[in-house]
Each structure stands twice: as C-alpha cells, then as structure tokens.
Amino acid sequence: MNIFRLAGDLSHLAAIIILLIKIWKTRSCAGISGRSQVLFAIVFITRYLDLFTNFISAYNTAMKVFFLGSSIGTVYLMYLKFKATYDHNHDTFRIEFLLLPTALLSLVLNHEFSVMEILWTFSIYLESVAILPQLFMVSKTGEAESITSHYLFALGSYRGLYILNWIYRYYFEGFYDIIAIVAGCVQTILYCDFFYLYITKVLKGKKLQLPA
Amino acid sequence: KGTSTNKDEL
C-alpha cells in the first residue's frame with residue numbers, strides 16, 4: 001500500500017458516498033445513469049468473487065464488502081425505491097455494446113484461462129467503460145448538477161491515482177499488471193474531457209453546462 | 001509478471 005493507492009481508494013469511496021448522499025438527501029436520482037450503476041454493480045460482483053476464496057487483509061475485505069453493498073444498494077434505490085425520479089428518457093446508451101465486447105476481450109486477453117481470472121479480467125475491462133452511459137447522459141442533457149459532477153470527478157480521479165500507484169509499484173516493487181494498467185489508462189482518458197469542464201467551470205462556482 | 005491470483009488491489 002502506497003500513498004497513491006490509498007488516495008485512489010479514498011477517492012473511490014468518496015465518489016460512492018457522494019452519490020448515495022445525493023440520492024438519499026434529495027430523494028431523487030435525477031441526472032444519474034441507472035445503466036452505468038448496473039454496470040458498476042456487475043463490475044464489483046464479478047471482481048470480488050475472491051472474497052470467498054482468498055483473504056488478503058481486513059482493509060481489503062471491508063472495502064470490497066462496502067463497494068459490493070453500495071453498488072447493489074444504488075441500483076436498488078434507482079430502480080425500486082426512487083424509481084419515479086429516474087430519468088430513463090435520457091439514459092439510453094446501449095449497454096450490450098459495452099458488455100459484449102468486454103466479455104469477448106476478457107476471453108481472449110487474460111492472464112489465465114480460468115473462471116475466476118476471466119471474470120476478474122472482464123470486470124477490469126467493463127469498469128474502464130462503465131461510465132460511458134453516464135457521460136452520454138450528461139452530454140445528452142447538456143448539463144449536470146454540481147453534486148453529480150463532484151461524484152464524477154472523484155470517480156475519475158480514483159483510476160488516475162491508481163495509475164500513479166502502478167508507476168510507483170513498477171519502480172519500487174517491480175510489480176505490474178498490464179491488463180489493469182491498460183484498462184486503467186483507457187478509463188482515465190475517458191474522463192479527460194469531463195475533467196477539463198470540471199476544472200474550468202464547476203470549481204469556479206458555475207454549473208457544469210456543455211457548450212451548445 | 002503474469003497471473004496474479006493474489007489480487008490485493010480493489
């Protein structure tokens with residue numbers, strides 16, 4: 001564990017908590033893509049199956065349990081509890097265009113052809129693109145609430161911080177995982193346009209609005 | 001380093 005890894009995890013944790021607070025306090029999931037949230041739930045379920053086979057640390061287990069619970073909880077809030085506020089007219093990204101290619105890719109490019117390893121690889125590939133329905137929704141409506149943009153900023157920063165962690169680990173531990181690194185870079189690149197808008201607009205107190 | 005069965009990252 002290094003400082004970048006810890007900062008990345010805390011940023012990921014903050015993103016999820018910001019999203020839950022937004023939904024809970026406003027009793028609404030307006031502006032949030034349910035499809036992205038379903039993809040994140042699939043990501044965590046397929047990645048953290050090793051909770052049952054492999055104990056790493058109390059920290060690791062606690063974070064995995066939290067991510068699993070919160071992602072499933074978010075899907076529950078969006079599709080059941082606050083269903084009426086879910087903006088499904090604007091949430092139209094076809095997730096099969098993400099699920100099928102990432103599933104195929106994980107069957108071809110993996111470290112080992114075993115069920116656990118393929119599911120882990122699938123979750124890494126899927127995570128890298130899981131935010132696309134959300135970004136698509138923001139571009140479709142042309143704006144995002146401030147709290148939604150804080151959520152996106154924290155979520156995007158997390159993988160960026162992991163990249164610094166991987167650079168650190170490569171230099172100081174001689175460890176690298178090419179699948180995680182490439183997917184993590186793709187994931188971070190997808191946020192670049194958003195980061196630019198966040199820094200130039202939201203941090204200056206303006207609402208995130210896309211140029212017409 | 002190829003397979004990493006002990007995946008400590010989240």
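Naming convention: chains lettered A, B, ... in sequence-line order (proteins, then strands); numbering from 1 in each chain.
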Legend entry - chain B contacts, top residue of A:Y59, A:F44, A:Y162 (heavy-atom pairs, under 4.5 Å): A:Y162
For [X], which atoms come within 4.5 Å of any heavy atom of chain B: side chain, backbone, both, or neither?
X      : answer
A:N165 : side chain
A:N60  : both
A:F67  : side chain

Legend entry - All side-chain contact (heavy atoms from CB on, under 4.5 Å) counterparts of A:A15, not counting sequence neighbours: A:Y151, A:A154, A:L155
Inset, instruction - Sequence neighbours left out, what passes side-chain contact (heavy atoms from CB on, under 4.5 Å) with A:I189? Give chain and number order. - result: none
Legend entry - Ring-face cation contact, A:F93 with A:R35, 6.0 Å cut, 45° max: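 No - A:R35 does not lie over the ring of A:F93 by the 6.0 Å and 45° rule.
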Legend entry - Closest non-hydrogen atom pair between A:I199 and A:L203, with its separation: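 It is O-CB, 3.7 Å.
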